[in-house]
Undergrad: 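One structure, as structure tokens, below. Some questions next.
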Amino acid sequence: MAKRYWLVKSEPDVYSIDRLEAEGSTSWEGVRNYQARNFMQEMKKGDRVLFYHSNAEPPGVAGIAEVVREAYPDHHAADPKSKYHDPGHSEEKPRWFMVDVGFVERFPEVLPLPLLKGEPALEGMELLRKGSRLSVQPVAKEHFDHVVKLGRGKRR
DNA sequence: GCCAACGTTGGC
DNA sequence: GCCAACGTTGGC
């Protein structure tokens with residue numbers, strides 16, 4: 001199977017690209033949306049991931065990560081003390097999954113959402129759809145490549 | 001802080 | 001199966 005491309009959202013107050021860079025890799029727990037979960041289960045080791053900062057100033061793509069471990073049960077869902085707890089999830093019958101992602105690259109500056117919206121080449125991208133809240137989403141290779149080109153950009 | 005868009009829940 | 005109520009996401 002050909003390599004695929006993705007985008008994940010994170011609030012930098014919760015987990016930022018800087019922290020991923022410092023830690024090298026992290027588990028992507030807490031996804032509690034079925035569509036997002038299904039996409040996570042399609043992720044393959046080595047797939048590239050745009051790292052998006054939501055609820056940030058400015059919101060935008062902060063860099064690149066990669067899948068380093070494919071989907072496995074999210075044990076936080078089985079922990080009653082966790083804010084990610086779900087009584088419908090158990091170790092025998094897991095409902096929620098997570099992947100591990102590794103740091104690849106941080107853009108010199110966050111590539112702001114308004115700039116992306118002004119790019120005709122990115123037309124049709126899920127991120128730019130009005131009302132889109134999907135926190136894990138596939139990205140077309142052409143869109144991925146274009147975002148990376150912009151992100152590396154002429155800045156700095 | 002506001003609120004539009006969306007997903008989930010539960011009564012019927 | 002419908003849909004109102006509610007909770008969450010996330011831009012602005």
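In what follows, chains carry the letters A, B, and so on, assigned in the order in which the sequence lines appear, proteins first and then strands, with residues in each chain numbered from 1. These numbers were taken from a predicted model, which means no experiment stands behind them.
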Undergrad: Quick check on contacts: within residues 119-131 of chain A, what sits under 4.0 Å from DNA chain B by heavy-atom distance?
TA: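 A:Arg129, A:Lys130, A:Gly131 - these, ordered by number, are the residues of the stretch whose heavy atoms sit under 4.0 Å from the strand.
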Undergrad: By ring-ring contact (aromatic ring centres under 6.0 Å, His included), which residues pair with A:Phe51, not counting sequence neighbours?
TA: A:Trp28, A:His53
Undergrad: Residues in salt bridge (charged side-chain N to carboxylate O under 4.0 Å, His left out) with A:Glu11, at least two apart?
TA: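 Scan of A:Glu11 (salt bridge (charged side-chain N to carboxylate O under 4.0 Å, His left out), adjacent residues dropped) gives none.
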Undergrad: Who passes ring-ring contact (aromatic ring centres under 6.0 Å, His included) against A:His143, sequence neighbours left out?
TA: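 Here no residue qualifies.
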Undergrad: Which residue pairs satisfy the side chain to side chain donor-acceptor pair (under 3.5 Å) criterion with at least one member in residues 115-127 of chain A, sequence neighbours excluded?
TA: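 Qualifying pairs, neighbours excluded: A:Glu119-A:His146, A:Glu126-A:Arg129, A:Glu126-A:Ser132.
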Undergrad: Using the ring-ring contact (aromatic ring centres under 6.0 Å, His included) criterion, which residues pair with A:Tyr15? Sequence neighbours excluded.
TA: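 Scan of A:Tyr15 (ring-ring contact (aromatic ring centres under 6.0 Å, His included), adjacent residues dropped) gives none.
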Undergrad: With A:Tyr34, which residues qualify under ring-ring contact (aromatic ring centres under 6.0 Å, His included), at least two apart?
TA: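 By the ring-ring contact (aromatic ring centres under 6.0 Å, His included) rule, A:Tyr34 matches A:Trp96.
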Undergrad: Do the ring planes of A:Tyr84 and A:His76 sit parallel (below 30°), tilted (30 to 60°) or perpendicular (above 60°)?
TA: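 If you compare the ring of A:Tyr84 with that of A:His76, the planes turn out perpendicular.
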Undergrad: To which residues is A:Tyr72 joined in a hydrophobic cluster, defined by side-chain heavy-atom contacts under 4.5 Å among Ile, Leu, Val, Met, Phe, Trp and Tyr, whether direct or through other members?
TA: A:Met98
Undergrad: Look at A:Asp145 together with A:Lys141 and state whether they make a salt bridge at an N to O cut-off of under 4.0 Å.
TA: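 A:Lys141 and A:Asp145: salt-bridged.
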Undergrad: Do any of residues 84-91 of chain A sit with a heavy atom less than 4.0 Å from DNA chain C, and if so which?
TA: none
Undergrad: Do NZ/NE/NH1/NH2 and the carboxylate oxygens of A:Arg32 and A:Asp86 come within less than 4.0 Å?
TA: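 Looking at A:Asp86 together with A:Arg32, the answer is no, because their closest N to O distance does not fall below 4.0 Å.
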Undergrad: Between A:Leu116 and A:Met125, is there a side-chain heavy-atom distance shorter than 4.5 Å?
TA: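 They are not in contact (no side-chain heavy atoms under 4.5 Å apart), so the answer is no.
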Undergrad: Expected output is a numbered-order residue list: members of residues 49-65 of chain A with a heavy atom under 4.0 Å from any atom of DNA chain C. What is it?
TA: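 Result for residues 49-65 of chain A: A:Tyr52, A:Ser54, A:Asn55, A:Pro59, sorted by number.
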Undergrad: Does anyone know the first and last nucleotide of DNA chain C in reach of chain A, 5' to 3', at under 4.0 angstrom to a heavy atom?
TA: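 Both ends considered, the range comes out as C:dG7 to C:dC12.
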Undergrad: Please enumerate all residues that pass side-chain hydrogen bond (donor to acceptor under 3.5 Å, both in side chains) together with A:Glu142, with sequence neighbours excluded.
TA: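 Listed in chain order: nothing, the list is empty.
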